[in-house]
Asks: 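Here you go, one structure.
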Amino acid sequence: MLKTSILTAAAYALCAAATAQAQVEIDEPWVRATVAQQTATGAFMRLTSRSDSALVQAESPAARHVEIHEMAMENDVMKMRQIDRISLPAGKVVELKPGSYHIMLIELSKQIKEGDHIPLTLTFQGADGKRETMRVDAPARPLAGDSKAGRGARHGHAH
Amino acid sequence: MTRSMSRRNFLSALFAAGLSLHGCSRSGRPERFHGKDLTGADFGRDFLLTGTDGKPYSLSDFGGNVVMLFFGFTQCPDVCPTALLRAAQAKELLGKDGERLQVLFITIDPERDTPGVLDAYTHAFDPSFRGLYGDLEQTARTAEHFRVFYQKVPTGSSYTMDHSAIAYVYDRRGELRLGLHYSQTAQECADDIRQLL
């Protein structure tokens, strides 16, 4: 009896430790599929950090270069800039989406087709300077699909 | 015969730009647009560019249709696919009338947008959409005439393009009528375009 309790407690402790370790929750990652010869595309997702931190680096075997970009509209002109980091205030949902931030995949090794899974390695840095690396597989949504889950996912879902 | 504008006329029109006001008067029109009303504008009258089939095209080649014109580049991860998707959705919302909407995508990055990638890219959104390109000088001249701003911006490993994100709409007579803002929905675009069909 006692042994079981200890084991259960240990299991809970392990779970708690594992959960505590993942400082950042990554939801609905996706990349935009490309056409042949297109050498760049964007990756998008929702990030929620438990404590103040920042996305400071992104890498992918699918692209030679990966950059963090911010897009802004000024007087009907679209401006895109590479940025060093995306701040993730504690508990706040930060969206990487068209019209805002995105991860830019440059010099793709091959065409990204709808349904492909693109591995991304993201590095986050906490306020204490500690770095944590997380890996996600981002499914490719159709180039001509909606950035919102609805329309794009319509093609993505299996019948 | 429908009104057609030859290339020579296009050049004349370019020289005459600013001297003449033409088309509908600014007053007394019943249309209420979500986009910017550009009726009577003295810019963006025509272009002479190359299609992905290697043939020359000007605006008059699409006479009889409502034309939506957008400047962008295929390496654009954000605004360009969003605008082209919106155009495809607007066309769908117009139903049968959508067949009389011609969407044109002019690249402002001809160095990277080869005819092959431009063709595949535009067709991914709708088989009827067309990509157009020119050399660097033609591109610069065309953008200037359409009051489209663009500039190369270096990033760590490559470059990106800042560019105007407005989509121009021409009525069936080839007159510039509207500028659709990036923030407009597909439904708002379809409502605007329907008034010109």
Side-chain angles (χ1 to χ4, degrees), chain A residues 30-44 57-59 63-84 96-108 111-114 141-148 150-152 154-155, chain B residues 35-36 71-89 92 108-109 112-127 129 131 147-167 179-184 186:
Chain A
W30 64 281
V31 298
R32 200 187 292 280
T34 63
V35 294
Q37 298 175 55
Q38 192 184 338
T39 58
T41 193
F44 308 87
Q57 198 184 345
E59 288 172 296
R64 187 154 172 216
H65 306 285
V66 182
E67 299 178 353
I68 304 170
H69 283 193
E70 181 178 24
M71 184 276 236
M73 292 294 292
E74 280 174 30
N75 301 319
D76 276 328
V77 174
M78 183 279 291
K79 296 189 171 185
M80 214 152 68
R81 294 289 178 270
Q82 183 180 7
I83 53 175
D84 292 334
L96 278 67
K97 60 176 182 181
S100 175
Y101 301 114
H102 59 261
I103 291 168
M104 189 81 187
L105 306 174
I106 299 159
E107 285 187 47
L108 299 171
Q111 181 185 358
I112 295 176
K113 294 186 175 153
E114 182 185 342
R141 294 189 190 172
L143 170 62
D146 208 319
S147 53
K148 293 170 199 78
R151 205 179 162 90
R154 187 185 65 178
H155 303 286
Chain B
K36 193 176 185 177
F71 290 75
F73 66 117
T74 69
Q75 311 290 349
C76 175
D78 190 325
V79 168
C80 302
T82 304
L84 285 171
L85 173 66
R86 185 184 67 174
Q89 289 169 342
E92 203 179 311
I108 40 96
D109 187 15
R112 291 189 297 199
D113 285 345
T114 60
V117 71
L118 196 54
D119 192 60
Y121 188 80
T122 47
H123 286 166
F125 294 90
D126 189 281
F129 290 7
R147 297 193 183 168
V148 161
F149 166 86
Y150 70 96
Q151 99 180 345
K152 230 185 218 189
V153 179
T155 69
S157 57
S158 179
Y159 69 88
T160 179
M161 308 291 295
D162 287 353
H163 65 93
S164 300
I166 200 159
L180 303 176
H181 300 289
Y182 175 67
S183 55
Q184 275 181 248

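In what follows, chains carry the letters A, B, and so on, assigned in the order in which the sequence lines appear, proteins first and then strands, with residues in each chain numbered from 1.
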Asks: In terms of heavy-atom pairs under 4.5 Å, which option from A:A40, A:G42, A:A36 contacts chain B the most?
Replies: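 That would be A:A40.
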Asks: Below 4.5 Å from any heavy atom of chain A, which atoms of B:T114 appear? Answer side chain, backbone, both or neither.
Replies: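 Interface part for B:T114: side chain.
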Asks: Please determine, by modelled atom types, if B:Q75 and B:T160 share a side-chain donor-acceptor pair under 3.5 angstrom.
Replies: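 Result is no, nothing qualifies.
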Asks: Please identify, among A:R64, A:E67, A:H65, A:Q37, the residue contributing the most non-hydrogen atom pairs under 4.5 Å to chain B.
Replies: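 Greatest number of close heavy-atom pairs with chain B: A:E67.
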Asks: Does any backbone or side-chain atom of B:F149 lie under 4.5 Å from a heavy atom of chain A? Answer side chain, backbone, both or neither.
Replies: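 Only the side chain of B:F149 comes within 4.5 Å of chain A.
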Asks: Which atoms of B:V117 are under 4.5 Å from chain A, going by heavy atoms: the side chain, the backbone, both sets, or neither?
Replies: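 The answer is both parts of B:V117.
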Asks: Closer than 3.5 angstrom, by distance alone: can the side chain of B:D113 be matched with the main-chain N or O of B:T74 as a donor-acceptor pair?
Replies: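 Judged by distance alone, yes, a pair lies under 3.5 Å.
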Asks: May I ask you to decide if the ring planes of A:F44 and A:H102 are parallel, tilted or perpendicular, using 30° and 60° as cut-offs?
Replies: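 A:F44 and A:H102: tilted rings.
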Asks: Between B:M161 and B:K152, is a side-chain contact (heavy atoms from CB on, under 4.5 Å) present by the stated rule, with each step listed?
Replies: CA-CA 5 Å; B:M161 308 291 295; B:K152 230 185 218 189; 3.8 Å; yes
Asks: Go through the atoms of A:I106 and report whether side chain, backbone, both or neither lie under 4.5 Å from a heavy atom of chain B.
Replies: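 The answer is the side chain of A:I106.
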Asks: Under a 4.5 Å heavy-atom cut-off, does chain B meet the side chain of A:T39, its backbone, both or neither?
Replies: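 Both the backbone and the side chain of A:T39 come within 4.5 Å of chain B.
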Asks: Let's go through B:D162 and A:R81 carefully: what are the C-alpha distance in whole Å and the side-chain angles of both, what is the deciding distance for salt bridge (charged side-chain N to carboxylate O under 4.0 Å, His left out) to 0.1 Å, and is it a yes or a no?
Replies: CA-CA 9 Å; B:D162 287 353; A:R81 294 289 178 270; 2.9 Å; yes
Asks: Taking every non-hydrogen pair under 4.5 Å, which of A:E107, A:K97, A:M71 racks up the most with chain B?
Replies: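 Winner by heavy-atom pair count: A:M71.
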Asks: Give, as side chain, backbone, both or neither, the part of B:L84 having an atom under 4.5 angstrom from any heavy atom of chain A.
Replies: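 Contact with chain A is absent: no heavy atom of B:L84 under 4.5 Å.
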Asks: So for A:T34, is it side chain, backbone, both, or neither that comes closer than 4.5 Å to the heavy atoms of chain B?
Replies: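 Contact with chain B is absent: no heavy atom of A:T34 under 4.5 Å.
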Asks: Is it the side chain or the backbone of B:F73 that comes within 4.5 Å of chain A heavy atoms, both, or neither?
Replies: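 Only the side chain of B:F73 comes within 4.5 Å of chain A.
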Asks: Using a cut-off of under 4.5 Å on heavy-atom pairs, state which of B:G156, B:G179, B:C76 scores highest against chain A.
Replies: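 Winner by heavy-atom pair count: B:G156.
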Asks: Atom CD of B:Q89 and atom CG of B:L85: how far apart are they, to the nearest 0.5 Å?
Replies: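 Going from the CD atom of B:Q89 to the CG atom of B:L85 covers 4.0 Å.
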Asks: Examine distances only and state if a side-chain atom of B:D78 and a backbone atom of A:G99 form a donor-acceptor pair shorter than 3.5 Å.
Replies: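 Flag set: sc B:D78 to bb A:G99 pair under 3.5 Å.
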Asks: Kindly determine whether B:H163 and B:C80 satisfy side-chain contact (heavy atoms from CB on, under 4.5 Å), including the steps that lead there.
Replies: CA-CA 10 Å; B:H163 65 93; B:C80 302; 3.5 Å; yes
Asks: What part of A:M73 is in contact with chain B, defined as an atom under 4.5 angstrom from a non-hydrogen atom: side chain, backbone, both or neither?
Replies: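 Interface part for A:M73: side chain.
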Asks: Looking only at heavy atoms and a cut-off of under 4.5 Å, which of B:A165, B:G116, B:S157, B:A120 has the most pairs with chain A?
Replies: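 Most heavy-atom pairs under 4.5 Å with chain A: B:S157.
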Asks: If we count only N and O atoms by modelled type, under 3.5 Å, do the side chains of B:D109 and B:Y159 hold a donor and an acceptor together?
Replies: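 Short answer, yes.
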